[in-house]
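Protein chains get the first letters and strands the later ones, always in sequence-line order, with residue 1 at the start of each. We use all heavy atoms of the structure for the numbers below, so side chains are in, but hydrogens, waters and symmetry mates are not. Everything numeric here is computed off the predicted structure, so don't read it as measured data.
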Amino acid sequence: MILPKKFYARDPAIVAKEILGCILVKKEHSPLKGKIVETEAYYGLSDPASRAFKGKMNHNKWMWGEAGTLFIYMVHGNWLLNIITERKGTPSGILIRAVEPIDGIEEMKKRRNVEIKNLTSGPGKLTKSFGITKQHNGIKVYDPSSEIVVEKGEKPSKIKTSRRIGVKEDLPQHLRFYIDGNPFVSK
DNA sequence: AGGAAGATCTACT
DNA sequence: GTAGATCTTCCTA
């Protein structure tokens with residue numbers, strides 16, 4: 001079952017937590033699947049680490065889109081995968097930081113040529129393994145006809161939180177969520 | 001033209 | 001484990 005649009009139309013911290021354990025699916029010749037094991041929540045104008053913080057610009061305009069829209073951008077030579085949350089006109093979203101490969105592992109290995117454990121254990125790694133680039137910007141992940149969708153998964157046994165990774169200036173609250181003990185969570 | 005950005009890889013102490 | 005080079009766009013000057 002594909003998560004409905006209204007799943008995303010909530011506070012990003014809630015969405016980031018509840019999407020853990022769900023399945024990221026990219027439809028290809030043989031579909032690529034990965035369980036989401038690590039996410040971060042990003043707010044818009046009030047969040048110094050957010051891409052939307054400095055106002056609407058060409059590269060981040062997708063953050064102002066509808067809930068359930070993909071927002072992809074490049075940093076340090078890596079594509080990072082975000083899903084927009086809340087409603088149109090309110091920039092916020094979640095960053096998918098790591099997934100656990102389930103299907104299409106051979107295809108992923110062809111692209112990355114590394115051990116399974118290094119295939120998707122980081123935001124830039126998983127986009128490479130899945131072959132995701134900015135051409136996928138704006139895809140609706142709740143639409144069954146989309147190339148990329150998110151399916152409902154099992155509720156993870158243990159969820160932990162921490163501060164976000166790599167950001168220069170973080171908010172005081174914990175906005176990173178991950179499945180405790182999963183080997184694909186990044187360090 | 002220059003620099004910065006939600007990172008990653010490699011090579012070391 | 002940490003340190004440094006390098007990764008690719010897009011913004012600012």
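Base engagement by Asn82(A) is indicated by at least one non-hydrogen atom pair under 4.0 Å involving a base atom. Lys54(A) comes within 4.0 angstrom of nothing in the nucleic acid, heavy atoms only.
Looking at Arg97(A) and Glu40(A), a side-chain N of the basic residue comes within less than 4.0 Å of a carboxylate O on the acidic one, giving a salt bridge. Checked for salt-bridge contact, Glu66(A) and Arg87(A) miss the test: no charged N lies under 4.0 Å from a carboxylate O. The existence of a salt bridge linking Lys110(A) and Glu107(A) is confirmed by a sub-4.0 Å separation between a basic side-chain nitrogen and an acidic carboxylate oxygen.
If you chain together hydrophobic residues whose side chains sit under 4.5 Å apart, Leu175(A) and Tyr42(A) never meet in one group. Residues Ile23(A) and Phe177(A) fall into different hydrophobic clusters, defined by Ile, Leu, Val, Met, Phe, Trp and Tyr side chains chained together at heavy-atom separations under 4.5 Å.
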With Watson-Crick and G-U wobble geometry limited to distances under 3.5 Å, how should the secondary structure of DNA chain C be encoded in dot-bracket form, using | for bases paired to another strand and [ ] for crossing pairs? ||||||.|||||.
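Arg176(A) places its CZ atom 11 Å from the P atom of dA7(B), with the value rounded to the nearest Å. Going from atom CE of Met57(A) over to atom P of dC10(C) covers 12 Å, rounded to whole Å. A straight line from CZ of Arg51(A) to C1' of dA4(B) spans 9 Å, rounded to a whole angstrom. Atom CZ of Phe53(A) is separated from atom C1' of dA4(B) by 16 Å (rounded to the nearest Å). Rounded to whole angstrom, the span from the NZ atom of Lys187(A) across to the C1' atom of dT2(C) amounts to 13 Å. To the nearest angstrom, P of dA4(B) lies 18 Å from CE of Met74(A). Atom CG of Asn60(A) is separated from atom P of dT12(C) by 10 Å (rounded to the nearest Å). For the pair Asn58(A) CG and dT8(C) P, the computed distance is 21 Å after rounding to whole Å.
Atom CD1 of Ile84(A) is separated from atom NZ of Lys140(A) by 9.5 Å, given to the nearest 0.5 angstrom.
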How does protein contact run along nucleotides 8-13 of chain B, one letter per nucleotide 5' to 3', with B for base contact, S for sugar-phosphate only, - for none, heavy atoms under 4.0 Å? SS----
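Using modelled atom types and a 3.5 Å distance limit, the side chains of Ser162(A) and Arg176(A) yield a donor-acceptor pair.
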